[in-house]
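Each remark here refers to the structure printed beneath this line.
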Amino acid sequence: MYKKQRLTGCRVRAVPAGEVGAAAGPRTAVALVNHVDYRTGRLHDLPGTTAAVHAAGARVVWDLCHSAGALPVGLDEHGVDLAVGCTYKYLNGGPGAPAFLHVRRDLQPRFDSPLPGWHSHADPFALVPDHRPADGVARGRVGTPEILSLLALDAALDVWDGVEIAAVREKSLALTDFFLRCVEAYTASVGKGRVEAVTPQAHAERGSQMSLTCAGADAGGDVVMAELVRRGVVGDFRPPDVLRFGFAPLYTRFADAERAARVLADVLA
Ligand SMILES: *Cc1c(COP(=O)(O)O)cnc(C)c1O
């Protein structure tokens, strides 16, 4: 059933993210957890889960796709073993931007990449028949990098010079709070329950997106989102009924959040 079994021989068990810490036991090798759930926008407890998985004697891999660039993560601070993520969401690297890998420094000498390539070789131009992994995190590389994508990412990361991630987080929470207030106000007339926030209200449990369920079978969420996109409000739709709105705090304005909510109410009306 699970392809991952093929590489490791280990059994893969699906557990809700909030229960991963409690589910880890002596037979657990590694836990893979999404820091922010891509459907609901729920932020999971990285320090607590990491500590619980470590207490069970296992390692943890965090998927940071929806948190890198949106909120403080603290990989070193919390002793996270491994992390992966993409750079085209809140880091603004653009389509095709490269992914990233984090390997805790003390684990790097033992890190055995399942995808070795010539760029992870200690001496790539020696072109020898055996694979000798490079020192450090460079052994996580694979083949020739996409230079044009890296250049775009490099420029996107320049924008972060002098930016405090705590300030980004503060704006992100203010934006999503404001968006939700606007949605509640503007959609009050289209009927109670037509749209409902599934992203938690509690700041400690929220990433930088707002997911709304959109009930009503005649004009389902996919139709609603297509119309929003046509009117310049670009979110996306996840079956069965979730409208997702991502707020990249570096450049998304409160006026954008207000307009998104207003256009949503217009479409629903
Ligand atoms: C976007 C996303 C990815 C995509 O990663 P790629 O770099 O495009 O392979 C992976 N995991 C999650 C949870 C994501 O949201």
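Counting starts at 1 for both ligands and their atoms, following the listed order. The model shown is predicted, which means the values in this text are computed figures rather than measured ones. Each residue takes its place number in the sequence, starting with 1. Heavy atoms only: backbone and side chains are in, while hydrogens, waters and symmetry mates are out.
- For atom 3 (C) of ligand 1, the closest heavy atom belonging to the protein is C65 SG, 3.3 Å.
- For the atom pair CE (M210) and OG1 (T176), the distance works out to 4.5 Å, reported to the nearest 0.5 Å.
- For the residue pair T187 / R194, no side-chain donor-acceptor distance below 3.5 Å is found, with atom types taken as modelled.
- With hydrogens and angles ignored, the 3.5 Å screen pairs no side-chain donor or acceptor of R132 with any backbone N or O of D123.
- Residue-ligand proximity, N34 to ligand 1, at heavy-atom distances under 4.0 Å covers atoms 13 (C).
- Inclusion of Y88 in the set of residues having an N or O under 3.5 Å from an N or O of ligand 1 is warranted.
- For the residue pair Y38/Q209, the side-chain donor-acceptor check at 3.5 Å is not satisfied.
- Counting only heavy atoms, the protein never gets under 4.0 Å from atom 9 (O) of ligand 1.
- With hydrogens left out, the protein atom closest to atom 11 (N) of ligand 1 is D63 OD2, 3.0 Å, a heavy atom.
- Taking atom 7 (O) of ligand 1 as the reference point, the nearest protein heavy-atom neighbour is C86 CB, 3.4 Å.
- Considering both main-chain and side-chain atoms, H66 comes within under 3.5 Å of ligand 1 through a nitrogen or oxygen pair.
- The aromatic rings of H131 and H121 stand perpendicular to each other, their planes meeting at an angle above 60°, with 30° marking the opposite boundary.
- In this structure, the protein non-hydrogen atom closest to atom 15 (O) of ligand 1 is K89 NZ, 2.6 Å.
- More than 12 heavy atoms of other residues, nucleotides or ligands sit less than 6.0 Å from atom CD of E184.
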